[in-house]
Amino acid sequence: MRKLLTLACSLAALLLVACGEAPQEKKAEEAAPAAPAQAEAKSYINGIDANFPPFAFVDESGKPSGFDVDSVNWIAEKMGFKVTHQPIDWDGIIPALLSNKIDFIASGMSITEERAQKVNFSMPYWIIKQVFVTKADAALSLDDMLKGKKTLGVQRGTSEAEWLKEKAAAEGWNFELRYYDSAPLAVEDVVNGRIDAAAMDDAPAKDATAKKPVKILGTFGMKEEEFGYATRKEDAELLAKLNEGLKLLMADPYWEELQVKYGLK
C-alpha cells in the first residue's frame, strides 16, 4: 500500500511539472519576435531609344544594350532598386515619361532649356557635339551642305532637328530636311544615296563610320551639349538616387571600362 501511495505521488508530481512547463514554452514562443520581412526593392522603367548606338539600342537577341543601359544597370545594383529598359519612339519619349508609362529617361538625351521646362535632369555625364555624316567618297563641304540645295536627314524630336530648322530660316540656308525615326536610318539613306548627309551626335556618328562606308564631314555650328537622365518634376527621390549613382559610377573603374567597351574612348 505504501508503495502504491508513493508511486501515485510521483506520478502526480510528474503531471504537475509537465503541466507547468507547457504554458511557459508557449509564452516563450509568443514573446519571441518574428523575423522581419525584407523590404522589396523599388522597380523603375527606363525609357530608351531602341536605335541610338552606342548609348542605347536593342541587340540582335532583342535585349536592350548600350552605354546608358549598362550604366543604369550598375547604378540600380549599387542604389538598391530594380530597373527594366523600355524602347520608346524618341519623339514621344517625354510624353511617355509625363504620362507615367516610364519612370525616367537614360538614353543619350541632351539637356536643353525647352526640355528642362517639362522634366528635371540629373547631373551631366557626357558632352557631345553634332556633325554631318556623308558617304565616304563624297566630295562635299560644310558650305555645300548648308547652302547647296542638298537633302539632309535628321532624327525627329532631337535638338539638332529643331536647331537646323530654326537656323535655316534665320540664316537663309538652302537645304531640305528629311525626318527619320532614328539616326542610323538616316545613315542608311546616306549609304544608299537617297540623301546627301545625316545630322547627328558625334558618338553615334563615330559608331556609324566603324560599320558603314561613311565619314564625318564635320560640325555645323551647334554648341556642344551635355547628356543627362530625365525624370518627372515631382520625382525628387528618384532623381537623387540617379545623381548619387552617377557620382559613384563616374568614380569607379567600371566607368572607364564602359567607355572602352562602347568605343567612346
Item to check | Trp255, Phe227, Phe52, Phe57 screened by ring-ring contact (aromatic ring centres under 6.0 Å, His included) with Phe67, the one that passes | outcome: Trp255
Checklist entry - Going through the distances and angles, do Ile45 and Lys101 end up as a side-chain contact (heavy atoms from CB on, under 4.5 Å)? => result CA-CA 8 Å; Ile45 301 173; Lys101 293 178 181 177; over 6 Å; no
Between [Y] and [X], does any NZ, NE, NH1 or NH2 come within less than 4.0 Å of an OD or OE carboxylate oxygen?
| X | Y | result |
| --- | --- | --- |
| Arg232 | Asp103 | yes |
| Glu188 | Lys212 | yes |
| Lys261 | Asp70 | yes |

With rounding to the nearest 0.5 Å, note down the distance linking [atom1] in [X] to [atom2] in [Y].
| X | Y | atom1 | atom2 | answer |
| --- | --- | --- | --- | --- |
| Met222 | Ser110 | CE | OG | 7.0 Å |
| Gln86 | Ile102 | CD | CD1 | 8.5 Å |
| Asn174 | Lys147 | CG | NZ | 11.0 Å |
| Arg115 | Gln117 | CZ | CD | 12.5 Å |
| Gln130 | Trp163 | CD | CH2 | 9.0 Å |
| Thr134 | Leu140 | OG1 | CG | 6.0 Å |

Provide the closest heavy-atom pair for [X] versus [Y] in the form atom of the first, atom of the second, distance.
| X | Y | value |
| --- | --- | --- |
| Leu246 | Ser122 | CD1-OG, 3.7 Å |
| Ala203 | Phe55 | CB-CE1, 3.4 Å |
| Ile88 | Ala96 | CG2-CB, 4.2 Å |
| Leu264 | Pro54 | CD2-CG, 3.8 Å |
| Leu164 | Ala199 | CD1-CB, 3.6 Å |
| Ile48 | Ala106 | CG2-O, 3.9 Å |

Checklist entry - Under the criterion side chain to side chain contact (heavy atoms under 4.5 Å, CB included), which of Thr158, Asp207, Ile128, Val131 is the partner of Asp201? => result Ile128
When you group the ILVMFWY residues by side-chain heavy-atom contacts below 4.5 Å and let the links chain together, are [Y] and [X] in the same group?
| X | Y | result |
| --- | --- | --- |
| Ile195 | Leu146 | no |
| Val191 | Leu152 | no |
| Met123 | Phe121 | no |
| Val214 | Phe132 | no |
| Met200 | Ile111 | no |

Would the number of heavy atoms belonging to other residues, nucleotides or ligands and lying under 6.0 Å from [atom1] of [X] be above 12?
| X | atom1 | result |
| --- | --- | --- |
| Glu234 | CD | yes |
| Lys215 | NZ | yes |
| Gln259 | CD | yes |
| Ile127 | CD1 | no |

Quick one: are [X] and [Y] in side-chain contact, heavy atoms under 4.5 Å?
| X | Y | answer |
| --- | --- | --- |
| Lys211 | Pro184 | no |
| Val119 | Leu98 | yes |
| Lys241 | Phe81 | yes |
| Lys78 | Glu244 | no |
| Met145 | Phe175 | no |

Checklist entry - Donor-acceptor pair, Asp59 side chain versus Ser61 backbone, under 3.5 Å? => result yes
Next on the checklist: Walk me through whether Phe104 and Asp235 qualify under side-chain contact (heavy atoms from CB on, under 4.5 Å).
Outcome noted: CA-CA 9 Å; Phe104 65 100; Asp235 288 345; over 6 Å; no
If we count only N and O atoms by modelled type, under 3.5 Å, do the side chains of [X] and [Y] hold a donor and an acceptor together?
| X | Y | result |
| --- | --- | --- |
| Tyr179 | Asp91 | no |
| Tyr229 | Asn46 | no |
| Asn73 | His85 | yes |
| Lys233 | Asn120 | yes |
| Asp143 | Ser141 | no |

Checklist entry - Under the side-chain contact (heavy atoms from CB on, under 4.5 Å) criterion, do Asp181 and Trp90 qualify, and how do the steps go? => result CA-CA 7 Å; Asp181 289 336; Trp90 191 250; over 6 Å; no
Next on the checklist: I'd like to check the side-chain hydrogen bond (donor to acceptor under 3.5 Å, both in side chains) partners of Lys265; sequence neighbours left out, ordered by chain and number.
Outcome noted: Glu256
Next on the checklist: Apply side-chain contact (heavy atoms from CB on, under 4.5 Å) to residues Ile93 and Met109 and explain how you reach the verdict.
Outcome noted: CA-CA 10 Å; Ile93 203 164; Met109 175 167 277; 3.8 Å; yes
